Amino acid sequence: MVMKAIQEHGDEDADSILETLLLYNALESSPPELHSSLEQSSPQEQPSPQEQQQIDSDLFSLDYDGSFLDGFSDLDSSNDEGIITSMAIERCGIDSSLVDLTDFISAAQISKAEDAQLPLEEKRTHIRSDYPEKNKRKLCEYSMLKRKRMVGHGNRIIGEDDEAIHLPNPMIGFGTPADLCQIHRSLPEAATGPPYFYYENVALTPKGVWSTISRFLYDVHPEFVDSKYFCAAARKRGYVHNLPIKNRFPLVPLPPKTIFDAFPLTRRWWPTWDERRKLNCLQTSIATAKNTERIMKALKDYDEDEMPPERVRRYVLHECRRWNLVWVGKNKVAPLEPNEVEMLLGFPRDHTRGISRKDRYKSLGNSFQIDTVAYHLSVLKEQFHNGINVLSLFSGIGGAEIALHRLGIPMKNVVSVEISEVSRNVVRCWWEQTNQKGNLYHLADVRELNADRLEHYISSFGGFDLVVGGSPCNNLAGSNRLHRDGLEGKESSLFYDYFRILDLVKGIMARYN
DNA sequence: AATATAATGACGCTGTGC
DNA sequence: GCACAGCGTCATTATATT
């Protein structure tokens, strides 16, 4: 089918080939194919000096070398697609499913397709005649046009958000510690640092959102990762970043990977007909007492080892999945406690202690999964072992800061912007409790962070090494029944401030160097 | 007793995959 | 056609604080 698609479209039109393959795939039901994980062992020396947690190199003596794909960045002939396709088959095996092949080809394509073609502003701008005042997106695009010189017209018309971005399955990004499907990527020139940037948001957005985000963030393709490959709970997120992806390493100790590992006591009460081994996404609100009460009622007539009728099982399982419930007694389920959520997300125990229960769930539900993010940020350790300057936007309860800390990367200066006073207090407390040597500067609103302030920070400590943050997902997230109105929504449009600030930092840093 | 803060419970719909 | 997942919002009620 791959070959057929190539014959149909010729070697050069990679997009059409992918389209065709995806179409074939939609028409056929291809058998599920497991990813082959590499089992080679070559001890990797891990720089872990003054770290309290020693890294057990035997635990992760996997080969991170992505050499099988080393040629990718150097391919430049128009015949690449054929080569890539055959490499894909070679790599994934002749029997592998089309999904695997297309994922592979897609990942390889992205790095190539991105930097070519249109000038940046051309791609990011589709409304250029009117003078926008109303929405942030237009304002941003307008300011970009003003700032950058206009280049000639492109020859390809790019429609409004119609370049659908395909979510990979399995959602492992450029590989997890256990599944090293690593690909060498070449970033578009406009995307390269300094500074490094790392942007995060929910993977399952309304259509077109991720292509817009990607277009603004210098055409870097998002890395989609589900944190279920790092911990016991799912968390499907997209990450747009310009970090290297070679030689990543995970945090130690490794977090529990299954529900039973995380909560051993639940095993005693877990019915055989509940086959869940991972939790669903940890959200900002939990089940009510009424919910769990109804479940208890539905089960009250059945013994522990007795299988309830299918109707009852279906109801109970549906509610358990919907509300992320765990078994805590005979026929009794309960939502997770705040400190249990902290543990699953990789935060120190009682990190959010002292604020209201509701606020704990909310701030945790809005946070990073630390192990996942730290895995991506781990490549900074070698480069910044003497310390790093961080601009942390939408900091929340400090997921990025904690990831860096747990990686053993000293923070020299952290400018942290967070609207919630409660969350700022959490980070401030943590900063003091962990005896951080560096300086923490707190701001409340990203919208007030202008060029003057940035200039001041950059001149005072010599630039930011990393701009990190995840902008609000309120208007993107599936759970929002009322205002899921996309990237232009009230809160989610703050993404454009992330871009605005990042772009300012890039500009100022370029002047200083 | 008035006011501030916290907890409760009900509320669809989109996108994807089989 | 159906199963499933999903960093959420709001009005109302309960509890805490002044």
Side-chain angles (χ1 to χ4, degrees), chain A residues 22 25-33 97-99 102-103 164-171 199-210 224-228 233-239 275-276 278-294 310 313-315 317-324 335-336 338 341-342 344-347 352 354-370 372-373 394-397 399 420-423 469-486 489-492 494-495:
Chain A
L22 292 169
N25 192 45
L27 297 175
E28 306 222 345
S29 57
S30 55
E33 177 80 12
S97 73
L98 272 174
V99 172
T102 47
D103 277 350
I165 290 188
H166 175 234
L167 294 178
N169 186 15
M171 200 182 276
Y199 174 82
E200 177 259 11
N201 216 322
V202 291
L204 281 61
T205 64
K207 279 182 175 162
V209 167
W210 273 110
F224 291 104
V225 183
D226 189 337
S227 292
K228 75 179 181 184
R235 207 168 186 78
K236 296 177 185 65
R237 295 293 181 269
Y239 305 88
E275 294 178 346
R276 289 178 302 150
K278 300 269 185 187
L279 291 159
N280 281 339
C281 184
L282 306 168
Q283 306 198 102
T284 55
S285 49
I286 60 163
T288 62
K290 283 263 185 256
N291 272 314
T292 53
E293 198 180 306
R294 280 194 284 262
E310 175 174 357
R313 294 202 312 264
R314 281 171 71 94
Y315 162 71
L317 282 177
H318 188 264
E319 289 293 288
C320 285
R321 291 194 162 108
R322 165 73 184 84
W323 293 108
N324 251 342
L336 297 172
V341 179
E342 285 168 351
L344 288 167
L345 290 176
F347 285 88
T352 58
I355 65 181
S356 83
R357 196 178 163 82
K358 190 79 185 163
D359 281 343
R360 293 183 75 177
Y361 284 119
K362 186 173 174 187
S363 56
L364 285 163
N366 281 318
S367 226
F368 287 163
Q369 205 289 323
I370 304 279
T372 312
V373 170
F394 314 101
S395 300
I397 50 175
S420 156
E421 188 185 355
V422 168
S423 294
S471 62
C473 68
N474 306 32
N475 313 114
L476 313 177
S479 318
N480 193 338
R481 303 175 174 199
L482 300 175
H483 315 287
R484 196 186 186 188
D485 28 22
K490 187 160 165 264
E491 288 86 13
S492 293
L494 287 165
F495 159 74

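The sequence lines fix the lettering, A, B, ..., with proteins before strands; numbering per chain opens at 1. Every value quoted in this text rests on a predicted model; they were computed, and no experiment measured them.
- Taking atom OH of A:Tyr315 as the reference point, atom C1' of C:dA3 lies 18 Å away to the nearest angstrom.
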Both atom distances under 3.5 Å, Watson-Crick or G-U wobble: I'd like the secondary structure of DNA chain C as a dot-bracket string, with | for pairs made across strands. ||||||.|||||||||||
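- A:Arg237 comes within contact range of at least one nucleobase, with a heavy-atom separation under 4.0 Å.
- Within the structure, salt bridge (charged side-chain N to carboxylate O under 4.0 Å, His left out) pairs that include any residue of residues 360-369 of chain A comprise A:Glu342-A:Arg360 (at least two apart or interchain).
- Considering only residues two or more places apart in sequence or on other chains, A:Asn280 meets the side-chain hydrogen bond (donor to acceptor under 3.5 Å, both in side chains) condition with none of them.
- Applying the salt bridge (charged side-chain N to carboxylate O under 4.0 Å, His left out) rule to A:Arg235 yields no partners; only residues at least two apart in sequence or on another chain are considered.
- As a whole-Å value, the separation of A:Asn480 CG from B:dC13 P is 13 Å.
- Taking atom CG of A:Asn475 as the reference point, atom P of C:dT9 lies 8 Å away to the nearest angstrom.
- Rounded to the nearest 0.5 Å, atoms CG (A:Asn201) and CG (A:Leu476) are 5.0 Å apart.
- Taking the C1' atom of each, C:dC4 and B:dG12 are spaced 15 Å apart, rounded to whole Å.
- For A:Lys207, taking side-chain heavy atoms from C-beta onward, the closest of the listed nucleotides C:dT9, B:dG15, C:dC7 is B:dG15.
- For A:Asn291, the side-chain contact (heavy atoms from CB on, under 4.5 Å) test picks out A:Ala287, A:Thr288, A:Arg294, A:Glu319, A:Trp323, with sequence neighbours left out.
- What separates CG of A:Asp485 from C1' of B:dG15 is a distance of 17 Å, to the nearest Å.
- A:Ser363 and A:Ser423 are not linked by any side-chain donor-acceptor pair at a separation below 3.5 angstrom, with hydrogens and angles left out of the test.
- Residues satisfying the salt bridge (charged side-chain N to carboxylate O under 4.0 Å, His left out) criterion with A:Arg357, sequence neighbours excluded, are A:Glu337.
- Qualifying salt bridge (charged side-chain N to carboxylate O under 4.0 Å, His left out) partners for A:Glu421, counting only residues two or more places apart in sequence or in other chains: none.
- Taking CG of A:Leu167 as the start and CG of A:Leu204 as the end, the distance is 6.0 Å to the nearest 0.5 Å.
- When rounded to the nearest whole Å, the span between CZ of A:Arg484 and P of B:dC13 equals 12 Å.
- Heavy atoms of A:Ser227 sit nowhere under 4.0 angstrom from any nucleic acid atom.
- With sequence neighbours excluded, the residues satisfying ring-ring contact (aromatic ring centres under 6.0 Å, His included) with A:Phe224 are A:Trp210.
- Residues that satisfy the salt bridge (charged side-chain N to carboxylate O under 4.0 Å, His left out) test with A:Arg321, not counting sequence neighbours, are absent from this structure.
- Residue A:Asn169 has no polar side-chain atom (N or O) positioned under 4.0 Å from OP1 or OP2 of B:dG17.
- A gap of 15 Å separates the C1' atoms of C:dG6 and B:dC11, to the nearest Å.
- In this entry the distance linking CG of A:Asn280 with C1' of C:dC7 reads 14 Å, nearest Å.
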Tell me, for nucleotides 12-18 of chain C in 5' to 3' order, what letter each nucleotide earns: B for a base near a protein heavy atom under 4.0 Å, S for only sugar-phosphate near one, - for neither? -------
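- A:Cys473 comes within 4.0 angstrom of a nucleotide base, judged by non-hydrogen atoms across all strands.
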What does the B/S/- profile of nucleotides 4-11 of chain B look like, 5' to 3', with a 4.0 Å heavy-atom cutoff to protein? --SSBBSB
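- Between A:Arg314 and A:Gly470, the residue anchored closer to the 5' end of DNA chain C is A:Arg314, taking for each the nucleotide with the nearest heavy atom.
- A sub-4.0 Å separation between OP1 or OP2 of C:dC10 and a side-chain N or O of A:His483 is present.
- A:Phe394 meets the ring-ring contact (aromatic ring centres under 6.0 Å, His included) test with no other residue; sequence neighbours excluded.
- We find that CG of A:Leu167 is positioned 9 Å from C1' of B:dG15, with the value rounded to whole Å.
- Atoms NZ (A:Lys362) and P (C:dT9) sit 7 Å apart, rounded to a whole Å.
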